[in-house]
Amino acid sequence: MPAAVIDTTTATSNSFKLDPSASVLLSELGESSRNLPNSSSALGAIQLGLNEISKRAHQLRKDLPVDNNTKAHYLLAGSGVDAENIKSELQSINLYQHADSSERSTSEIDIDSYLRSRKEDSIILSIEDSIRSTSLDFDNFINQTVSFDWKTRKEQICQSFGLSSIKNRPTTNDKSTQFNSTSSIIPKWTKGSLGRSVLGTYSTTEDFTDVEAPQLLPGQIVGPKLPVYSQENAHKYISIIQDLNKYRQISKPYPISQQFHEVSKSLGSDIRSVQMQDVWNIIKEITGESLNEFIPERKYAHGYLNSGETSPESSNLRRRIIHGTKRFLEKQFLAQIENNISRNPIEAQLGGVPSVYNKIRAALNLKFSENGKWVHPTLEIVNNVPIWALIYFMIRSGCLKDALEFTIANREAFEKLGSSFPIYLKAYVESPSHTLTNNLLDSIRKEFNEQLRFFDESNSDPYKYALFKIIGRCELLKKTFPGVVETTEDWLWIHFSLISEGSDEISTVFDKYTLKDLQATITKFGPDYFDPERKSPGLYTQVLVMSGLFEKAVYYAYKFSKIDAVHFAIALTYHGLLRPFSQTTKLHTHLLETVSEKDELNFARLVGTFTKEFRRTSSVDAVEYLVLICLNKDLNGDKGKEQLNLCHEALKELVLDTRDFSKILGDIRMDGTRISGAIEQRLSLIALDSLDQYLQVIAEQAATRAEEEGRIADAVLLYQLSEDFDTVITIINKSLGELLSVSQLGQPLTPVSIDGTPLITNTTEDPAQLARHIMTVYRGNIGMFHKVKPKNRDTCAKLLGIVDAWNSFAKGAVEQCLKEVNELNILMLDPSADVGMVRTRAQQFPTLHQSVARNVPTLLVMVMRCCTLICEQLNTSFYHNEGRHAQMIEMQGISRNCMIYAGMIQYKMPHEVFMELTRLEIKI
């Protein structure tokens, strides 16, 4: 309650005096007011501090009439109350003499802190719940989706190590085969730990983050027909890849594009399939590959990958791209003419001689003639022949010599027209680069400016206009051809005809038009320009290949046909026409990337990801694809080494992912002879010259990675295949030591995995038996045996001895257990041995292998329990004789030796073990 307000009704005459302890009482009263319980009223409690109450009381006093104060003063004075003295004493009271200012707001601060703490706790609990839920969902997903053929894997390892088959192994109901352990030797069947996975994942999401599926137009329900992956189609491609690698091994060229083209033709005849078949035709025209001419491996790699743009090799390659593309477009155009004629023979009026002239004349009849009359008003007709259209169609079909012959035969007609065109055409055809000399250029451009420059669609012949612009490169800045360009192929052919790559005859900058300029235009236009209705998914891929944008072509084809894209990439890489990633740190993110205005394709990941369709069912076929990554090993500088390393990484990842070791890496018979695997059969293709180098680079490194990932089963077999027999024993020693150290004493050793499936290393339901069989195989082969270090052999023997003693103790054969422990020569169990002999054994403890040393405390407990059990049996026996007494003394001697030994290594073993030993000693 506020200290400044006093209830006058409780004051009595001459009896109201302020007690000296009033300040203390008021302070207590103020403190207790803070602890008053909240009202149960629905209005809630009013939380006001003393300062706020005092402030409000002072405000109320200001509003009171002054007369009331005077009356109250006289009233109190008449009753003997001195109001002035009381006021001064009240003002002198310090209600907070026991609490500083910081304590005044303690409640408010505590409430804020409490609420903030509760909020943080709630957030932490929510995060923990989310983590637990996510972890549980992940575990459930793994359990539902990941499965392994354990039985098959067991059989493979049995055969590898010469163990008895699981099917032929006698069954047993012995309790000694029961054990449940979650020790660290349980293999972790996990994916490779590569930060950059070459093979990709098995997820259903997109393989590359920068590749998007083609979008449908508004109202477009069904897109173009896409290829369906099938085993039959895959086998057709795989057989070609196998043949390719066989030819490469004997350094013979292989018609890869031709072979892939044949497969493509057998897969379908829809528009997409036909367009993909045409892509193969384009590649063949560019590379010069045909049924009669096979192109050597990486023929164009130097000009495309390892030389500058101004080098002669690069210029020649660009000219080859231009000429190859034009040749394809011309063959395609002539084929279309022949197809139209065959479908309309009456209208075409081809006649009996199917010469080029007659074919072109028939095509013109179909296009411009009706009822024997030319219906196109702007065509120049000479001798009932549209001569400019005829010459254009001949040149468009690639029949330059036929066009020249027709022109020379009709020279007089051209002279009447006032044109020197036959001279220009003759120079154009005879020039290797299809360019005119400067004098002829000046002449044809003069004629063009006088007669054709101002093109009139209603009066000018479009084909004459086009011929002068193409042959004379007239008004090159204006690349429009009205009335001539009807298809994308026409547009491309004209532009490729205008390109003059590396020609010395070009003198002015206005006459220069290069392949790079056309590539920039095509990239700027994009796929929507060439296929606005999205009915021809392969058209833009054709355009990109024809213009030499091979990386972009594969990237775009991957959006709608992964199978075709992968094999386009393989064929182009074989010819040296595909630029792979040079930055392997970005291997897992993008398929296509532009570096220094040059596109780079993620070839290694592209091929590796494609193998996920069949690598689990046919790992050998996956090897055939992955060795193709080494096609790029001839790149300059570190780029070639990067591609070589990627190939090796992909093969190692395949080994660990499929675990089909015998087929991929090979096998070793019990007599030590080796059976080659798929990788070993392709050593020369992955730049490995010898078996030793192969074992070190592939098998041994894969084994090391498997061991790092905790995949003990894989590591043992991989080290066995890499002929590192000492490491095999090392891993077995480590695994067996860990198993003994975490198992429960008194239970037999037969480990199973967490889900109850027997361990793959435990092919005979007992890892110790696996170790015995391996040592038996090694002892039977001197070469293998001497590759194992003596200390590892001795350690393995000691661990197997511990296992024997362990199992004897589990069966209750305590005396046999003591005998087997004594034969290990680790502890001194001779009861007649003196203290010095025991100390000598204890001093040998640091020299023991870690796998053995970590189990010495268990041996001590096991021996002490054996002694305790024997003593209990002797004490309960009805027969008392000297033999019984002597045996009791013997057990006490063994116990004493154990305690001396334990005392010397007390700080090298758990404290609980020493306490257990002490407790057991008391019982003896």
Exercise. How far apart are the C-alpha atoms of Met864 and Glu916, what are their side-chain angles, what is the distance that settles it, and do they pass the side-chain contact (heavy atoms from CB on, under 4.5 Å) test?
Worked result: CA-CA 9 Å; Met864 291 294 288; Glu916 174 71 7; over 6 Å; no
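- Atom CD1 of Ile250 has more than 12 neighbouring heavy atoms from other residues, nucleotides or ligands inside a 6.0 Å radius.
- Note that the CG atom of Leu244 and the OH atom of Tyr625 stand 10.0 Å from one another [nearest 0.5 Å].
- The heavy-atom pair separating Asn733 from Asn792 by the smallest distance is ND2-O, 3.3 Å.
- With respect to the salt-bridge test (charged N to carboxylate O, under 4.0 angstrom), the residues Glu653 and Arg615 do not qualify.
- Put simply, the side chain of Ile870 reaches to within 4.5 Å of the side chain of Glu815, judged on heavy atoms.
- Considering only heavy atoms from C-beta on, Val852 stays 4.5 Å or farther from Leu824 through its side chain.
- Looking at every heavy atom in both residues, Ala706 comes nearest to Leu718 through CB-CD1, 4.1 Å.
- Leu635 places a side-chain heavy atom less than 4.5 Å from the side chain of Pro580.
- Within the 3.5 Å criterion, the main-chain N or O of Leu818 finds no donor-acceptor partner in the side chain of Asn822.
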For this session: Test side-chain contact (heavy atoms from CB on, under 4.5 Å) on Val913 and Leu860 and set out the steps.
Result: CA-CA 9 Å; Val913 174; Leu860 290 170; 5.6 Å; no
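- The distance from atom CD of Glu820 to atom CG of Leu859, rounded to the nearest 0.5 Å, is 11.5 Å.
- The side-chain heavy atoms of Phe845 and Ile826, taken from C-beta on, include no pair separated by under 4.5 Å.
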Only distances under 3.5 Å count here; give the side-chain donor-acceptor pairs of residues 684-698 to other protein atoms, sequence neighbours excluded, each with its distance to 0.1 Å.
unit_1 : atom_1 : unit_2 : atom_2 : d
Ser690 : OG     : Gln693 : N      : 3.3
Gln693 : OE1    : Asp689 : N      : 3.0
Tyr694 : OH     : Leu665 : O      : 3.0

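- Judged by distance alone, with hydrogens and angles left aside, the side-chain atoms of Asn855 form a donor-acceptor pair with the main-chain N or O of Ser741 at under 3.5 Å.
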For this session: Go through the steps for Thr611 and Leu654 under the test side-chain contact (heavy atoms from CB on, under 4.5 Å), then give the verdict.
Result: CA-CA 10 Å; Thr611 63; Leu654 177 70; 5.5 Å; no
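- Closest approach of Ile731 to Ala715, counting heavy atoms only: CD1-CB, 3.9 Å.
- Distance check, rounded to the nearest 0.5 Å: CD of Gln242 to CZ of Arg682 gives 7.5 Å.
- At least one side-chain heavy atom of Ile241 sits under 4.5 Å from a side-chain heavy atom of Ile570.
- Using a 4.5 Å cut-off on side-chain heavy atoms (C-beta onward), Leu628 and Asn245 make contact.
- With sequence neighbours excluded, no residue forms a side-chain contact (heavy atoms from CB on, under 4.5 Å) with Gln850.
- Counting heavy atoms of neighbouring residues, nucleotides and ligands inside a 6.0 Å radius, atom CZ of Arg839 does not exceed 12 of them.
- Contact check for Asn825 versus Arg841: side-chain heavy atoms found under the 4.5 Å cut-off.
- Shown here is Lys639, whose NZ atom has no more than 12 heavy atoms of other residues, nucleotides or ligands within 6.0 Å.
- The two residues Arg854 and Pro857 have their closest heavy-atom pair at O-CD, 3.8 Å.
- Considering all non-hydrogen atoms of both residues, Phe809 and Cys866 come closest at CD1-SG, 3.5 Å.
- Looking at Trp806, its side chain does come within 3.5 Å of a backbone N or O of Gln747 through a donor-acceptor pair.
- None of Thr704, Asp726, Asp714 except one satisfies the side-chain hydrogen bond (donor to acceptor under 3.5 Å, both in side chains) rule with Tyr719; the exception is Thr704.
- Salt bridge status for Asp804 with Arg772: present, with a side-chain N to carboxylate O gap under 4.0 Å.
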Exercise. Going through the checks in order, is the side-chain contact (heavy atoms from CB on, under 4.5 Å) test met by His235 and Asp621?
Worked result: CA-CA 9 Å; His235 181 73; Asp621 295 335; 5.7 Å; no
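- Phe614 has its ring centre no less than 6.0 Å from the ring centre of Tyr237.
- In this structure the side chain of Leu827 never reaches within 4.5 angstrom of the side chain of Asn897, judged on heavy atoms.
- A salt bridge is absent between Arg705 and Glu708: the closest approach of a Lys/Arg side-chain nitrogen to an acidic carboxylate oxygen does not fall below 4.0 angstrom.
- Residues Leu829 and Val821 come closest through the heavy atom pair CD1-CG1, 3.8 Å.
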